[in-house]
Amino acid sequence: SASVTQTDTATGQITVKWQPWPDSAGIAFGRLYTKGPGDTAFRVLKDSLSRQDSSYVQDSINTKTATHQYYLVTVDSCGFESDSAAIHRTIDLTFKVGQLLHDLSWTPYEGWPVKNYLVQRKQGGTYQTLDSLSANDTSLRKAPQPCNSTINYRIKAIDSNGHFSYSDTAANEALDTINPDRTTLTNVSVIRDSVVRIDFKGADSLDIFAYDVQRQRDSGRFTLAERVIFDRAGGTFTVFDTTNTRTGQLCYSVLTQDSC
């Protein structure tokens with residue numbers, strides 16, 4: 001397999017793995033070929049690999065915007081090469097964003113039959129699998145997504161024999177250019193000397209973070225009375241505001257705050 005182990009346009013790394021041949025006396029050594037961006041043909045990447053070797057790391061390459069191909073041959077004591085093994089090509093991940101949207105697409109892995117593609121997102125310092133897709137799927141759109149944080153993704157290709165390959169990693173932040181819908185204030189009532197009940201119907205947008213219930217006394221400035229964290233679209237909410245109701249005139253409004 002061939003996996004991207006470091007993503008960068010200049011200092012990227014790819015790890016190539018294979019099954020070693022420790023007991024094959026007829027094999028003198030292995031020879032690893034590669035073809036990267038700008039190459040017109042395959043070239044020798046590493047020669048004289050021992051029969052015990054099972055991996056090789058190619059570094060200082062562009063793994064962020066390009067794929068790389070590899071194949072391995074064995075060489076006998078007379079210098080003759082075996083038939084080449086399957087050509088393996090790495091996965092290149094593209095991550096675009098839209099209105100609270102993550103739009104992922106990737107090139108298919110080549111080298112063995114892919115069973116599934118696992119879409120993984122970085123959470124708490126490690127990558128966790130979010131979705132498992134068939135071998136024919138090479139794209140995924142996820143919405144709504146937060147616009148106030150950078151999200152990191154990668155793709156893991158797996159086959160039926162336990163082999164796997166990682167794509168490069170990609171990070172981006174969703175956009176939000178549309179204002180959230182308004183709430184509907186349905187009732188404001190003084191229920192005790194120091195308590196006001198406010199009822200409102202929430203907006204039906206999915207990108208809402210919270211509702212800010214604001215209070216104005218007489219002709220003063222509006223100040224925050226209560227923040228209600230969004231938990232469902234279009235729900236009904238009731239807030240009890242503890243304040244002086246004996247003097248002055250009270251006015252209330254509810255502002256919708258989106259995730260940005």
Side-chain angles (χ1 to χ4, degrees), residues 1-94 104-120 127 129 132-140 153-170:
S1 65
S3 282
V4 177
T5 48
Q6 181 170 308
T7 300
D8 195 84
T9 55
T11 61
Q13 290 183 344
I14 291 175
T15 299
V16 183
K17 296 182 179 181
W18 60 87
Q19 188 70 31
W21 331 274
D23 301 321
S24 300
I27 296 176
F29 58 88
R31 180 175 290 153
L32 182 63
Y33 286 84
T34 187
K35 183 180 179 183
D39 292 333
T40 57
F42 279 91
R43 59 182 176 83
V44 175
L45 174 62
K46 180 63 177 177
D47 210 355
S48 301
L49 294 162
S50 76
R51 294 198 301 263
Q52 288 75 32
D53 287 333
S54 60
S55 65
Y56 181 78
V57 177
Q58 184 184 17
D59 55 17
S60 301
I61 55 176
N62 176 12
T63 58
K64 187 174 180 65
T65 60
T67 61
H68 297 258
Q69 295 174 278
Y70 302 89
Y71 73 84
L72 183 69
V73 298
T74 58
V75 181
D76 64 19
S77 58
C78 296
F80 293 107
E81 288 188 355
S82 66
D83 292 337
S84 64
I87 296 174
H88 290 253
R89 184 194 289 267
T90 56
I91 306 168
D92 182 45
L93 173 63
T94 301
L104 306 173
S105 61
W106 56 92
T107 59
Y109 183 76
E110 298 176 11
W112 31 251
V114 174
K115 178 183 178 182
N116 294 106
Y117 289 109
L118 307 182
V119 179
Q120 298 186 322
Y127 280 91
T129 298
S132 177
L133 305 178
S134 75
N136 296 322
D137 292 322
T138 55
S139 64
L140 180 68
Y153 285 99
R154 75 178 179 189
I155 305 300
K156 181 179 182 181
I158 60 173
D159 71 359
S160 299
N161 298 311
H163 302 125
F164 62 88
S165 171
Y166 291 117
S167 73
D168 57 319
T169 59

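- One finds the CZ atom of Arg43 at 5.5 Å from the OG1 atom of Thr34 (value rounded to the nearest 0.5 Å).
- A pairwise comparison of heavy atoms in Ala86 and Gly111 identifies CB-O, 3.6 Å as the closest pair.
- Judged by distance alone, the side chain of Thr138 and the main-chain N or O of Pro108 form no donor-acceptor pair under 3.5 Å.
- Residues Pro20 and Gln52 share a closest heavy-atom pair of CB-O, 3.9 Å.
- Here the CD1 atom belonging to Ile61 is positioned 4.0 Å from the CD1 atom belonging to Ile14, to the nearest 0.5 angstrom.
- Between Gln58 and Leu45, some side-chain heavy-atom pair lies under the 4.5 Å cut-off.
- Counting only residues at least two apart or in different chains, side-chain hydrogen bond (donor to acceptor under 3.5 Å, both in side chains) contacts with residues 16-27 are absent.
- Trp106 and Tyr109 have their aromatic ring centers separated by at least 6.0 angstrom.
- Counting all heavy atoms, side chain and backbone alike, Ile91 lies closest to Ala157 at CD1-CB, 3.7 Å.
- Using a 4.5 Å heavy-atom cutoff, the side chains of Asp92 and Thr90 are not in contact.
- Annotation: side chain of Trp112 is not in contact with side chain of Asn161 (no heavy-atom distance under 4.5 Å).
- Atom CG of Asp168 sits about 11.5 Å away from atom OG1 of Thr9, to the nearest 0.5 Å.
- Aromatic ring pairs are classed by plane angle as parallel below 30°, tilted from 30° to 60° and perpendicular above 60°; the pair Tyr71 and Phe42 is perpendicular.
- Counting heavy atoms from C-beta outward, Asp159 and Pro113 have side chains that stay 4.5 Å or more apart.
- Gln6 and Thr63 get closest at one heavy-atom pair: O-OG1, 2.7 Å.
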* Starting from the C-alpha separation in whole Å, work towards a yes-or-no answer on side chain to side chain contact (heavy atoms under 4.5 Å, CB included) for Leu49 and Leu72. => CA-CA 10 Å; Leu49 294 162; Leu72 183 69; 3.9 Å; yes

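- Checking Thr74, Asp53, Asp47 one by one against Phe29, the side chain to side chain contact (heavy atoms under 4.5 Å, CB included) holds for a single residue, Asp47.
- Counting heavy atoms from C-beta outward, Tyr153 and Ser167 have side chains that stay 4.5 Å or more apart.
- Residues passing the side chain to side chain donor-acceptor pair (under 3.5 Å) test with Gln13, sequence neighbours excluded: none.
- In terms of the salt bridge (Lys or Arg N to Asp or Glu O under 4.0 Å) criterion, Arg154 has no residue partners (sequence neighbours excluded).
- Put simply, NE2 on His68 and CZ on Arg89 are 10.5 Å apart, with the number rounded to the nearest 0.5 Å.
- Taking OG of Ser48 as the start and CZ of Arg31 as the end, the distance is 7.5 Å to the nearest 0.5 Å.
- With rounding to the nearest 0.5 Å, the separation of CD1 in Ile155 from CG in Asp137 is 11.0 Å.
- Under the rule for a side chain to side chain donor-acceptor pair (under 3.5 Å), the partners of Thr129 that lie at least two apart in sequence or sit in another chain are Gln120.
- Judged as a side chain to side chain donor-acceptor pair (under 3.5 Å), and not counting sequence neighbours, the contacts of Thr15 are Thr5.
- Using a distance-only test at 3.5 Å, with no hydrogens or angles considered, no donor-acceptor pair links the side chain of Ser139 to the main chain of Ser105.
- Considering all non-hydrogen atoms of both residues, Ser3 and Ser165 come closest at OG-CA, 3.1 Å.
- No donor-acceptor pair under 3.5 Å is formed between the side chain of Asn116 and the backbone N or O of Ile158.
- Annotation for Lys64: atom NZ does not count as buried by contact number, only 12 or fewer foreign heavy atoms lying within 6.0 Å.
- Side-chain contact between Ser132 and Leu118 is present, with at least one heavy-atom pair separated by less than 4.5 Å.
- Shown here for Tyr70 and Ala2, the closest heavy-atom pair between the two residues is CD1-CB, 3.9 Å.
- Considering only heavy atoms from C-beta on, Val75 comes within 4.5 Å of Glu81 through its side chain.
- Annotation: side chain to side chain donor-acceptor pair (under 3.5 Å) contacts of Thr65 (sequence neighbours excluded): Asn62.
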